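Everything on this sheet refers to the single structure shown next.
Note that the coordinates shown come from a computational prediction; the quantities given were computed from them, not determined experimentally.
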Amino acid sequence: MSFQWLHMRIQEEQERRQRHSNTLERLPQALEDLYTQLKTCVQSYTATFGGESADIVMLANGIKISAREERDGRWHPVAKVEVILVPDIPGFRVERGEYSMAVEVGVLPSDKLFYRDREQDKYLTIEELTRRILDRALFPGLRDQ
């Protein structure tokens, strides 16, 4: 005997698994795309505050951003942010000191990526995502907006 609900659920599960597989395939490129956006932000920051004020490095499974402040003629570290690729989410984990944020990455039917803050269950634009990653590290003396 064949049950219609079972066939529907099998189809749904096949589609879910395919979406998950597509997302995992896109994660490395999503990380590179995010790196490109963050690098542009860091370049703007260093153009204003000096080449030693911040740097960004692409790692095998993540991105590392360091911010420094000049005091007494020397550059001192003030913040470090890491964006780590986490296939189990699938997405990224943003870590800055005690702060941590899980960002789910997904693929829309239009083949574009979306970003979602898992804790707040809120979709993020790339502008919001870059701000959440960089704002507190680059501007620790300014209040959150």
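Between Y115 and Y123, the ring centre distance reaches or exceeds 6.0 Å.
More than 12 heavy atoms of other residues, nucleotides or ligands shown are found within 6.0 angstrom of CZ on R71. Annotation: R9, atom CZ; neighbour count of heavy atoms from other residues, nucleotides and ligands within 6.0 Å does not exceed 12. Annotation: E12, atom CD; neighbour count of heavy atoms from other residues, nucleotides and ligands within 6.0 Å is above 12.
Scanning all heavy atoms of the two residues, the minimum distance from L138 to A54 falls at CD2-CB, 4.1 Å. Between A137 and A67 the shortest heavy-atom distance is O-CB, 3.6 Å.
The distance from the CD atom of E69 to the OG atom of S53 is 10.0 Å, given to the nearest 0.5 Å. Taking CZ from F49 and OG from S44, the interatomic distance works out to 11.0 Å, rounded to the nearest 0.5 Å. Here the CD-CZ distance, from Q14 to R17, works out to 8.5 Å after rounding to the nearest 0.5 Å. Put simply, OG on S21 and CZ on R16 are 11.0 Å apart, with the number rounded to the nearest 0.5 Å. To the nearest 0.5 Å, atom CD1 of residue I56 and atom CD1 of residue I65 are 4.5 Å apart. Taking CD1 of I89 as the start and CG of L27 as the end, the distance is 9.0 Å to the nearest 0.5 Å.
Two different hydrophobic clusters hold I84 and V42 under the rule that ILVMFWY side chains link at heavy-atom gaps under 4.5 Å. By the rule that hydrophobic residues join a cluster once side-chain heavy atoms approach within less than 4.5 Å of another member, L108 and I126 end up as members of separate clusters. F114 is not connected to F92 by any chain of hydrophobic side-chain contacts under 4.5 Å among Ile, Leu, Val, Met, Phe, Trp and Tyr, and they are in different clusters. Linking Ile, Leu, Val, Met, Phe, Trp and Tyr whenever their side-chain heavy atoms come within less than 4.5 Å puts V81 and M58 in one cluster. M101 and V105 fall within a single hydrophobic cluster, where Ile, Leu, Val, Met, Phe, Trp and Tyr side chains are chained together by heavy-atom contacts under 4.5 Å.
Between Q4 and H7, every side-chain heavy-atom pair lies at or beyond the 4.5 Å cut-off. Using a 4.5 Å heavy-atom threshold, the side chains of R93 and V103 count as separate. Contact annotation: the side chain of P90 approaches that of H20 to within less than 4.5 Å [non-hydrogen atoms, C-beta and beyond]. Taking 4.5 Å as the limit, some side-chain heavy atom of R26 sits within range of a side-chain heavy atom of D111.
For E119 (side chain) and A102 (main-chain N/O), a donor-acceptor pair under 3.5 Å exists by modelled atom type. Between the R136 side chain and the P140 main chain, a donor and an acceptor come within less than 3.5 Å of each other.
If you run side chain to side chain donor-acceptor pair (under 3.5 Å) between E15 and each of R19, Q18, Q11, only Q11 comes through.
Using a cutoff of 4.0 Å between basic side-chain nitrogens and carboxylate oxygens, R132 and D117 are scored as salt-bridged. Contact check on E82 versus K80 returns a salt bridge, with a Lys/Arg side-chain nitrogen under 4.0 Å from an Asp/Glu carboxylate oxygen.
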Report the C-alpha separation of V57 and I63 in whole Å, then their side-chain angles, then the decisive distance to 0.1 Å, and conclude whether the side-chain contact (heavy atoms from CB on, under 4.5 Å) test is met. CA-CA 6 Å; V57 177; I63 302 166; over 6 Å; no

Pair D55, R68 - check side-chain contact (heavy atoms from CB on, under 4.5 Å), show working. CA-CA 9 Å; D55 62 32; R68 290 175 287 284; 3.0 Å; yes

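Taking Y99 as the reference, nothing meets the ring-ring contact (aromatic ring centres under 6.0 Å, His included) condition, with sequence neighbours excluded.
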Pair up each side-chain donor or acceptor in residues 30-41 with any protein partner under 3.5 Å, not counting sequence neighbours, and list the distances.
unit_1 : atom_1 : unit_2 : atom_2 : d
D33    : OD1    : Q29    : NE2    : 2.7
T36    : OG1    : E32    : O      : 3.1
T40    : OG1    : T36    : O      : 3.0

